[in-house]
Amino acid sequence: MTAVPHAAARREHVLKEAVRQGLLDPDQSPLAAFVDFDGVAATVRALHDAFPGAPELPGVTHTFAAKANCLGPVLRELEHRGMGCEVATAGELARALAAGFPAGRIVFDSPAKTRAELERALSLGVTVNADSFQELERIAALLAVRPSASRIGVRLNCQVGGGSIAAMSTATNTSKFGVPLADPGNRERLLRAFAAYPWLTWVHTHTGSQGCPLDLMARGVAQAVEFAGQVTAAFGESRVEGIDIGGGLPVNFADDEVTPTFADYVGQLRAHAPELFAGRYRVVTEFGRSVLAKNGFMAAYVEYTKSAGGRPIAVTHAGAQVATRTVFSPDAWPLRIEAYGPHGTAKGGRTVRQDIAGPACFAGDLLARDRALPPLAPGDLVVVPDTGAYYFSTPFHYNSLPEPAVHGVRTDAAGRVEFTLVRAAQDPWLLTDRDGVGEPLPAPAGAPAGRAR
Ligand SMILES: *Cc1c(COP(=O)(O)O)cnc(C)c1O
(Lines give C-alpha, C1' and ligand atoms only; values in the text may rest on other atoms or scores of the structure.)
Protein backbone atom coordinates (compact mmCIF):
# COMPACT_ATOMS: atom_id res chain seq x y z
CA MET A 1 0.00 0.00 0.00
CA THR A 2 2.87 2.33 0.69
CA ALA A 3 5.24 1.38 -2.11
CA VAL A 4 6.17 4.67 -3.73
CA PRO A 5 4.41 4.52 -7.10
CA HIS A 6 6.90 3.80 -9.82
CA ALA A 7 9.90 4.72 -7.69
CA ALA A 8 12.28 2.89 -10.01
CA ALA A 9 10.77 4.50 -13.11
CA ARG A 10 11.08 7.88 -11.44
CA ARG A 11 14.76 7.29 -10.64
CA GLU A 12 15.38 6.36 -14.26
CA HIS A 13 13.57 9.48 -15.47
CA VAL A 14 15.57 11.72 -13.13
CA LEU A 15 18.81 10.00 -14.11
CA LYS A 16 18.19 10.49 -17.82
CA GLU A 17 17.39 14.16 -17.26
CA ALA A 18 20.49 14.60 -15.09
CA VAL A 19 22.68 13.17 -17.87
CA ARG A 20 20.89 15.21 -20.52
CA GLN A 21 21.32 18.41 -18.52
CA GLY A 22 24.98 17.68 -17.81
CA LEU A 23 24.65 17.22 -14.04
CA LEU A 24 26.27 13.83 -14.53
CA ASP A 25 29.23 13.84 -16.83
CA PRO A 26 32.00 11.25 -17.05
CA ASP A 27 34.68 13.95 -16.93
CA GLN A 28 33.19 16.90 -15.07
CA SER A 29 30.95 15.22 -12.49
CA PRO A 30 31.35 11.45 -12.40
CA LEU A 31 29.44 11.26 -9.10
CA ALA A 32 26.34 13.21 -8.05
CA ALA A 33 23.53 12.85 -5.53
CA PHE A 34 19.84 13.70 -5.72
CA VAL A 35 17.20 14.59 -3.13
CA ASP A 36 13.58 14.16 -4.19
CA PHE A 37 11.82 17.11 -2.57
CA ASP A 38 8.39 15.89 -3.71
CA GLY A 39 9.12 12.63 -1.93
CA VAL A 40 10.26 14.49 1.18
CA ALA A 41 6.99 16.44 1.23
CA ALA A 42 4.97 13.22 0.94
CA THR A 43 6.99 11.57 3.72
CA VAL A 44 6.48 14.54 6.05
CA ARG A 45 2.74 14.42 5.29
CA ALA A 46 2.68 10.71 6.16
CA LEU A 47 4.48 11.48 9.43
CA HIS A 48 2.02 14.21 10.37
CA ASP A 49 -0.96 12.04 9.43
CA ALA A 50 0.26 9.06 11.46
CA PHE A 51 0.11 10.75 14.86
CA PRO A 52 -3.29 11.70 16.27
CA GLY A 53 -4.06 15.19 17.54
CA ALA A 54 -6.13 16.27 20.54
CA PRO A 55 -7.69 14.89 22.59
CA GLU A 56 -5.26 11.94 22.46
CA LEU A 57 -2.12 14.00 21.98
CA PRO A 58 -2.59 17.65 22.96
CA GLY A 59 0.39 18.66 20.81
CA VAL A 60 2.93 16.93 18.60
CA THR A 61 6.13 18.44 17.26
CA HIS A 62 8.00 16.35 14.72
CA THR A 63 11.65 17.31 14.68
CA PHE A 64 14.09 16.08 12.06
CA ALA A 65 17.35 14.59 13.34
CA ALA A 66 19.78 16.90 11.57
CA LYS A 67 22.60 14.38 11.56
CA ALA A 68 20.67 12.33 8.99
CA ASN A 69 21.03 15.09 6.37
CA CYS A 70 22.14 18.53 7.49
CA LEU A 71 22.28 20.22 4.08
CA GLY A 72 20.79 23.73 4.30
CA PRO A 73 18.18 23.43 1.52
CA VAL A 74 17.00 20.09 2.95
CA LEU A 75 16.63 21.59 6.43
CA ARG A 76 14.85 24.64 4.99
CA GLU A 77 12.42 22.40 3.10
CA LEU A 78 11.63 20.52 6.30
CA GLU A 79 11.18 23.78 8.18
CA HIS A 80 8.72 24.97 5.52
CA ARG A 81 6.86 21.68 5.94
CA GLY A 82 6.32 22.44 9.62
CA MET A 83 8.99 20.26 11.17
CA GLY A 84 11.33 21.13 14.02
CA CYS A 85 14.97 20.10 14.19
CA GLU A 86 16.87 17.81 16.56
CA VAL A 87 20.55 18.70 16.82
CA ALA A 88 23.35 16.88 18.57
CA THR A 89 26.28 19.28 18.24
CA ALA A 90 27.00 22.99 18.11
CA GLY A 91 27.59 22.61 14.37
CA GLU A 92 24.16 21.11 13.81
CA LEU A 93 22.62 23.79 16.02
CA ALA A 94 24.26 26.47 13.88
CA ARG A 95 22.92 24.83 10.73
CA ALA A 96 19.41 24.50 12.15
CA LEU A 97 19.37 28.18 13.09
CA ALA A 98 20.75 29.15 9.68
CA ALA A 99 18.00 27.10 8.03
CA GLY A 100 15.42 29.22 9.85
CA PHE A 101 14.10 26.86 12.51
CA PRO A 102 12.71 28.95 15.37
CA ALA A 103 14.52 28.21 18.63
CA GLY A 104 11.31 26.85 20.14
CA ARG A 105 11.27 24.09 17.52
CA ILE A 106 14.90 23.04 18.01
CA VAL A 107 15.85 20.24 20.40
CA PHE A 108 19.47 19.97 21.53
CA ASP A 109 20.55 16.43 22.45
CA SER A 110 24.18 15.62 23.01
CA PRO A 111 25.91 13.60 25.69
CA ALA A 112 28.83 16.05 25.74
CA LYS A 113 27.38 19.58 25.78
CA THR A 114 29.98 22.06 26.97
CA ARG A 115 29.08 24.81 29.44
CA ALA A 116 29.35 27.34 26.60
CA GLU A 117 27.04 25.30 24.37
CA LEU A 118 24.47 24.99 27.14
CA GLU A 119 24.66 28.71 27.85
CA ARG A 120 24.07 29.42 24.17
CA ALA A 121 21.16 26.99 23.90
CA LEU A 122 19.52 28.31 27.08
CA SER A 123 19.89 31.93 26.00
CA LEU A 124 18.34 31.11 22.60
CA GLY A 125 15.42 29.23 24.16
CA VAL A 126 16.32 25.99 22.43
CA THR A 127 14.91 22.84 24.07
CA VAL A 128 17.62 20.96 25.96
CA ASN A 129 17.55 17.31 26.92
CA ALA A 130 20.09 16.66 29.65
CA ASP A 131 21.96 13.40 29.22
CA SER A 132 23.19 12.88 32.78
CA PHE A 133 22.88 13.96 36.40
CA GLN A 134 26.07 15.99 36.02
CA GLU A 135 24.56 17.87 33.10
CA LEU A 136 21.40 18.59 35.13
CA GLU A 137 23.59 20.12 37.84
CA ARG A 138 25.40 22.20 35.26
CA ILE A 139 22.08 23.44 33.85
CA ALA A 140 20.90 24.27 37.38
CA ALA A 141 24.02 26.36 37.95
CA LEU A 142 23.48 28.23 34.68
CA LEU A 143 19.78 28.85 35.37
CA ALA A 144 20.62 30.19 38.83
CA VAL A 145 22.54 32.97 37.09
CA ARG A 146 20.17 33.59 34.18
CA PRO A 147 16.65 32.23 33.69
CA SER A 148 15.77 30.74 30.33
CA ALA A 149 12.71 30.13 28.17
CA SER A 150 14.08 26.71 27.17
CA ARG A 151 12.08 23.57 27.80
CA ILE A 152 14.29 21.15 29.66
CA GLY A 153 14.05 17.40 29.75
CA VAL A 154 16.13 14.51 30.90
CA ARG A 155 17.11 11.64 28.66
CA LEU A 156 16.36 8.20 29.99
CA ASN A 157 18.13 5.05 28.93
CA CYS A 158 15.21 2.68 29.29
CA GLN A 159 17.58 -0.31 29.04
CA VAL A 160 15.14 -2.37 27.02
CA GLY A 161 17.96 -3.93 25.00
CA GLY A 162 19.55 -3.61 21.60
CA GLY A 163 18.62 -4.27 18.00
CA SER A 164 20.53 -6.07 15.27
CA ILE A 165 23.21 -3.35 14.87
CA ALA A 166 25.11 -2.83 18.12
CA ALA A 167 26.43 0.59 17.12
CA MET A 168 22.86 1.85 16.60
CA SER A 169 21.46 0.49 19.88
CA THR A 170 21.19 3.19 22.51
CA ALA A 171 19.07 1.40 25.09
CA THR A 172 21.38 -1.42 26.07
CA ASN A 173 22.27 -1.94 29.69
CA THR A 174 25.59 -0.15 29.29
CA SER A 175 24.79 2.43 26.58
CA LYS A 176 26.61 5.76 26.85
CA PHE A 177 23.35 7.71 26.44
CA GLY A 178 20.97 9.00 29.06
CA VAL A 179 20.31 8.13 32.68
CA PRO A 180 20.03 4.35 32.98
CA LEU A 181 16.56 3.97 34.42
CA ALA A 182 16.92 0.47 35.82
CA ASP A 183 20.27 0.98 37.54
CA PRO A 184 19.92 0.79 41.33
CA GLY A 185 18.94 4.10 42.88
CA ASN A 186 18.44 6.00 39.64
CA ARG A 187 14.64 6.26 39.77
CA GLU A 188 14.88 7.77 43.23
CA ARG A 189 17.65 10.10 42.10
CA LEU A 190 15.58 11.18 39.10
CA LEU A 191 12.57 11.85 41.32
CA ARG A 192 14.79 13.95 43.59
CA ALA A 193 15.88 15.90 40.51
CA PHE A 194 12.23 16.57 39.60
CA ALA A 195 11.65 17.66 43.20
CA ALA A 196 14.64 20.00 43.19
CA TYR A 197 14.31 21.46 39.69
CA PRO A 198 10.92 22.97 38.87
CA TRP A 199 12.20 23.73 35.34
CA LEU A 200 12.66 20.03 34.60
CA THR A 201 9.42 19.28 32.76
CA TRP A 202 10.14 16.81 29.96
CA VAL A 203 11.23 13.20 29.63
CA HIS A 204 13.25 12.04 26.62
CA THR A 205 14.21 8.65 25.28
CA HIS A 206 15.64 7.33 22.01
CA THR A 207 15.95 3.57 21.96
CA GLY A 208 18.07 3.29 18.86
CA SER A 209 18.17 3.52 15.11
CA GLN A 210 18.33 1.14 12.14
CA GLY A 211 18.11 -2.47 13.32
CA CYS A 212 15.81 -1.84 16.27
CA PRO A 213 12.45 -3.62 15.90
CA LEU A 214 9.37 -1.44 16.35
CA ASP A 215 8.20 -3.24 19.45
CA LEU A 216 11.58 -2.67 21.12
CA MET A 217 11.32 1.06 20.39
CA ALA A 218 7.74 1.13 21.63
CA ARG A 219 8.72 -0.72 24.80
CA GLY A 220 11.42 1.92 25.40
CA VAL A 221 8.82 4.66 25.05
CA ALA A 222 6.51 2.71 27.38
CA GLN A 223 9.22 2.81 30.06
CA ALA A 224 9.57 6.57 29.67
CA VAL A 225 5.78 7.00 29.89
CA GLU A 226 5.69 4.81 32.95
CA PHE A 227 8.40 6.92 34.58
CA ALA A 228 6.49 10.11 33.68
CA GLY A 229 3.50 8.57 35.46
CA GLN A 230 5.64 8.03 38.53
CA VAL A 231 6.66 11.70 38.49
CA THR A 232 3.02 12.71 38.09
CA ALA A 233 2.02 10.49 40.99
CA ALA A 234 4.68 12.08 43.18
CA PHE A 235 4.35 15.74 42.19
CA GLY A 236 0.94 16.14 40.63
CA GLU A 237 -0.74 16.33 37.27
CA SER A 238 1.11 18.20 34.51
CA ARG A 239 4.44 18.04 36.31
CA VAL A 240 5.68 16.28 33.16
CA GLU A 241 4.53 18.39 30.22
CA GLY A 242 5.70 16.15 27.49
CA ILE A 243 7.60 13.14 26.29
CA ASP A 244 10.19 13.22 23.55
CA ILE A 245 10.06 9.71 22.08
CA GLY A 246 13.17 10.04 19.87
CA GLY A 247 13.48 8.72 16.34
CA GLY A 248 14.83 5.49 15.00
CA LEU A 249 12.15 4.15 12.66
CA PRO A 250 14.12 1.64 10.55
CA VAL A 251 14.24 1.89 6.77
CA ASN A 252 13.76 -0.90 4.24
CA PHE A 253 16.94 -1.02 2.15
CA ALA A 254 15.86 -4.14 0.22
CA ASP A 255 13.38 -2.62 -2.25
CA ASP A 256 11.21 0.45 -2.89
CA GLU A 257 8.51 -0.38 -0.40
CA VAL A 258 8.23 2.05 2.51
CA THR A 259 8.03 -0.32 5.44
CA PRO A 260 7.58 -0.09 8.33
CA THR A 261 5.46 3.06 8.13
CA PHE A 262 5.05 5.80 10.70
CA ALA A 263 1.48 4.52 11.11
CA ASP A 264 2.83 1.02 11.91
CA TYR A 265 4.94 2.56 14.64
CA VAL A 266 2.04 4.52 16.09
CA GLY A 267 0.15 1.22 16.21
CA GLN A 268 2.98 -0.30 18.23
CA LEU A 269 3.06 2.73 20.52
CA ARG A 270 -0.67 2.36 21.14
CA ALA A 271 -0.17 -1.30 22.00
CA HIS A 272 2.82 -0.87 24.32
CA ALA A 273 2.36 2.65 25.70
CA PRO A 274 -1.39 3.44 25.68
CA GLU A 275 -0.90 6.06 28.43
CA LEU A 276 1.00 8.17 25.90
CA PHE A 277 -2.34 8.78 24.17
CA ALA A 278 -4.30 9.65 27.32
CA GLY A 279 -4.30 13.36 26.47
CA ARG A 280 -1.86 14.16 29.24
CA TYR A 281 1.42 14.68 27.43
CA ARG A 282 2.69 16.71 24.54
CA VAL A 283 4.93 14.68 22.25
CA VAL A 284 8.12 15.39 20.35
CA THR A 285 9.55 12.98 17.78
CA GLU A 286 13.07 12.95 16.29
CA PHE A 287 13.01 10.88 13.11
CA GLY A 288 15.95 11.14 10.72
CA ARG A 289 16.60 8.18 8.45
CA SER A 290 12.93 7.41 7.86
CA VAL A 291 12.30 10.97 6.64
CA LEU A 292 15.15 11.19 4.13
CA ALA A 293 16.71 7.82 3.25
CA LYS A 294 14.29 6.76 0.56
CA ASN A 295 14.10 10.26 -0.86
CA GLY A 296 17.69 10.36 -2.07
CA PHE A 297 19.99 8.44 -4.37
CA MET A 298 23.51 8.66 -5.74
CA ALA A 299 24.69 8.00 -9.27
CA ALA A 300 28.27 7.30 -10.36
CA TYR A 301 29.95 6.45 -13.61
CA VAL A 302 31.85 3.22 -14.05
CA GLU A 303 35.39 4.34 -14.88
CA TYR A 304 36.98 0.95 -15.57
CA THR A 305 36.10 -2.71 -15.40
CA LYS A 306 38.46 -5.61 -14.79
CA SER A 307 38.53 -9.15 -13.55
CA ALA A 308 40.54 -10.48 -10.59
CA GLY A 309 40.69 -14.13 -9.58
CA GLY A 310 37.68 -14.73 -11.77
CA ARG A 311 35.66 -11.94 -10.14
CA PRO A 312 34.45 -9.13 -12.41
CA ILE A 313 34.96 -5.72 -10.79
CA ALA A 314 33.44 -2.40 -11.80
CA VAL A 315 35.49 0.54 -10.50
CA THR A 316 33.13 3.48 -9.94
CA HIS A 317 33.35 6.93 -8.39
CA ALA A 318 31.14 6.13 -5.38
CA GLY A 319 32.88 4.54 -2.42
CA ALA A 320 33.81 5.19 1.18
CA GLN A 321 33.61 8.98 0.78
CA VAL A 322 29.82 8.79 0.34
CA ALA A 323 28.92 5.33 1.67
CA THR A 324 31.13 5.15 4.72
CA ARG A 325 29.00 2.86 6.84
CA THR A 326 28.34 0.43 4.02
CA VAL A 327 32.02 0.20 3.12
CA PHE A 328 33.22 -0.36 6.68
CA SER A 329 30.23 -2.45 7.87
CA PRO A 330 28.87 -4.08 4.72
CA ASP A 331 26.81 -6.71 6.52
CA ALA A 332 24.97 -4.17 8.69
CA TRP A 333 24.42 -1.64 5.90
CA PRO A 334 23.74 -3.40 2.58
CA LEU A 335 22.71 -1.08 -0.24
CA ARG A 336 20.95 -1.83 -3.50
CA ILE A 337 22.84 -1.13 -6.71
CA GLU A 338 21.13 -0.53 -10.05
CA ALA A 339 22.83 -0.64 -13.44
CA TYR A 340 22.16 1.91 -16.18
CA GLY A 341 23.67 2.67 -19.55
CA PRO A 342 25.65 5.87 -20.26
CA HIS A 343 22.47 7.88 -20.95
CA GLY A 344 20.58 6.65 -17.93
CA THR A 345 18.60 3.79 -19.46
CA ALA A 346 18.14 0.88 -17.07
CA LYS A 347 20.08 -2.22 -18.08
CA GLY A 348 18.21 -5.50 -18.07
CA GLY A 349 18.82 -9.03 -19.16
CA ARG A 350 21.36 -11.53 -17.96
CA THR A 351 23.36 -10.80 -14.83
CA VAL A 352 26.86 -11.66 -13.69
CA ARG A 353 28.15 -11.59 -10.14
CA GLN A 354 30.51 -8.67 -9.75
CA ASP A 355 32.06 -6.34 -7.20
CA ILE A 356 31.11 -2.68 -7.30
CA ALA A 357 34.18 -0.77 -6.14
CA GLY A 358 34.77 2.83 -5.18
CA PRO A 359 37.70 5.12 -5.98
CA ALA A 360 39.41 5.14 -2.57
CA CYS A 361 42.82 3.56 -2.07
CA PHE A 362 42.06 0.64 0.20
CA ALA A 363 40.93 -2.82 -0.82
CA GLY A 364 37.73 -2.74 1.21
CA ASP A 365 36.34 0.24 -0.67
CA LEU A 366 33.43 -1.72 -2.15
CA LEU A 367 29.78 -0.70 -2.37
CA ALA A 368 28.75 -4.30 -3.02
CA ARG A 369 30.48 -7.66 -3.27
CA ASP A 370 29.60 -10.52 -5.53
CA ARG A 371 26.38 -8.80 -6.59
CA ALA A 372 24.34 -10.13 -9.52
CA LEU A 373 23.94 -7.23 -11.96
CA PRO A 374 23.84 -6.83 -15.71
CA PRO A 375 27.44 -6.75 -16.98
CA LEU A 376 28.85 -3.25 -16.47
CA ALA A 377 31.16 -1.46 -18.88
CA PRO A 378 33.17 1.76 -18.65
CA GLY A 379 30.83 4.70 -19.14
CA ASP A 380 27.84 2.94 -17.60
CA LEU A 381 26.15 4.39 -14.53
CA VAL A 382 25.42 2.76 -11.21
CA VAL A 383 22.67 4.12 -8.99
CA VAL A 384 22.60 3.65 -5.22
CA PRO A 385 19.02 4.13 -3.94
CA ASP A 386 17.96 4.85 -0.34
CA THR A 387 20.95 7.08 0.36
CA GLY A 388 19.15 10.32 1.27
CA ALA A 389 20.17 10.01 4.93
CA TYR A 390 23.63 9.44 6.41
CA TYR A 391 25.35 8.88 3.04
CA PHE A 392 26.33 11.68 0.61
CA SER A 393 25.23 14.29 3.14
CA THR A 394 27.81 12.98 5.62
CA PRO A 395 30.96 12.73 3.49
CA PHE A 396 34.19 11.16 4.65
CA HIS A 397 37.25 13.08 3.49
CA TYR A 398 39.53 10.08 3.05
CA ASN A 399 42.01 10.32 0.17
CA SER A 400 41.07 14.00 -0.29
CA LEU A 401 38.09 12.79 -2.27
CA PRO A 402 35.82 15.78 -2.94
CA GLU A 403 32.21 16.06 -1.79
CA PRO A 404 29.93 15.46 -4.78
CA ALA A 405 27.24 17.87 -5.89
CA VAL A 406 23.77 17.30 -4.45
CA HIS A 407 20.79 18.29 -6.58
CA GLY A 408 17.22 18.81 -5.41
CA VAL A 409 14.57 17.32 -7.68
CA ARG A 410 11.00 18.46 -8.17
CA THR A 411 8.59 17.25 -10.81
CA ASP A 412 5.85 19.53 -12.15
CA ALA A 413 2.34 18.44 -13.06
CA ALA A 414 3.44 17.72 -16.64
CA GLY A 415 6.14 15.39 -15.34
CA ARG A 416 8.98 17.78 -16.11
CA VAL A 417 11.96 17.38 -13.82
CA GLU A 418 13.43 20.51 -12.32
CA PHE A 419 16.79 20.49 -10.56
CA THR A 420 18.07 22.95 -7.98
CA LEU A 421 21.56 22.93 -6.52
CA VAL A 422 21.54 21.74 -2.90
CA ARG A 423 25.32 21.52 -2.47
CA ALA A 424 27.97 22.40 -5.03
CA ALA A 425 30.61 19.80 -5.80
CA GLN A 426 33.96 20.41 -4.17
CA ASP A 427 36.72 21.10 -6.65
CA PRO A 428 39.59 18.75 -5.76
CA TRP A 429 42.06 21.39 -6.96
CA LEU A 430 40.78 23.77 -4.30
CA LEU A 431 40.84 21.33 -1.40
CA THR A 432 44.21 22.71 -0.30
CA ASP A 433 42.38 25.16 1.96
CA ARG A 434 41.71 22.18 4.22
CA ASP A 435 45.39 21.21 4.33
CA GLY A 436 46.07 22.77 7.67
CA VAL A 437 47.59 26.12 8.43
CA GLY A 438 50.37 27.21 6.13
CA GLU A 439 51.36 29.05 3.02
CA PRO A 440 49.34 28.10 -0.05
CA LEU A 441 51.38 25.88 -2.33
CA PRO A 442 52.09 26.95 -5.89
CA ALA A 443 49.64 25.51 -8.40
CA PRO A 444 50.48 21.87 -9.08
CA ALA A 445 51.66 21.13 -12.61
CA GLY A 446 48.71 20.09 -14.73
CA ALA A 447 46.12 21.85 -12.62
CA PRO A 448 43.49 23.59 -14.70
CA ALA A 449 44.64 27.17 -15.22
CA GLY A 450 43.21 29.64 -12.76
CA ARG A 451 41.54 27.06 -10.51
CA ALA A 452 44.31 25.99 -8.18
CA ARG A 453 45.62 28.32 -5.53
C1 LIG B 1 20.32 9.69 15.68
C2 LIG B 1 19.26 10.14 16.59
C3 LIG B 1 17.96 10.29 16.11
C4 LIG B 1 17.55 9.92 14.71
O5 LIG B 1 17.65 8.57 14.46
P6 LIG B 1 17.08 7.97 13.09
O7 LIG B 1 17.41 6.55 13.16
O8 LIG B 1 17.80 8.66 11.98
O9 LIG B 1 15.62 8.24 13.04
C10 LIG B 1 17.02 10.81 16.98
N11 LIG B 1 17.33 11.11 18.25
C12 LIG B 1 18.57 10.98 18.74
C13 LIG B 1 18.85 11.37 20.14
C14 LIG B 1 19.58 10.48 17.93
O15 LIG B 1 20.81 10.31 18.41
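Read the numbers this way: they start at 1 and go in the same order the structure lists the ligands and their atoms.
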Check: every ligand 1 N/O to protein N/O pair under 3.5 Å:
residue: ligand 1; atom: 5 (O); partner: Ser209; partner atom: OG; Å: 3.3
residue: ligand 1; atom: 7 (O); partner: Ser209; partner atom: OG; Å: 2.8
residue: ligand 1; atom: 7 (O); partner: Arg289; partner atom: NH1; Å: 3.4
residue: ligand 1; atom: 8 (O); partner: Arg289; partner atom: N; Å: 2.8
residue: ligand 1; atom: 8 (O); partner: Tyr390; partner atom: OH; Å: 2.5
residue: ligand 1; atom: 9 (O); partner: Gly248; partner atom: N; Å: 2.8
residue: ligand 1; atom: 9 (O); partner: Gly288; partner atom: N; Å: 2.9
residue: ligand 1; atom: 11 (N); partner: Glu286; partner atom: OE1; Å: 2.7
residue: ligand 1; atom: 15 (O); partner: Lys67; partner atom: NZ; Å: 2.9

Tell me whether Glu135 is salt-bridged to Arg155, with the criterion being a basic N under 4.0 Å from an acidic carboxylate O.
no
Do NZ/NE/NH1/NH2 and the carboxylate oxygens of Glu188 and Arg192 come within less than 4.0 Å?
no
Tyr391 versus Thr326, side-chain donor and acceptor atoms under 3.5 Å:
yes
Donor-acceptor pairs under 3.5 Å, side chain of residues 64-76 to any protein atom, not counting sequence neighbours: which ones?
residue: Asn69; atom: OD1; partner: Leu71; partner atom: N; Å: 3.2
residue: Asn69; atom: ND2; partner: Gly388; partner atom: O; Å: 2.9

Pair Arg151 + Glu241, salt bridge at N-O below 4.0 Å
no
Salt bridge between Glu79 and Arg105, side-chain N to carboxylate O under 4.0 Å?
yes
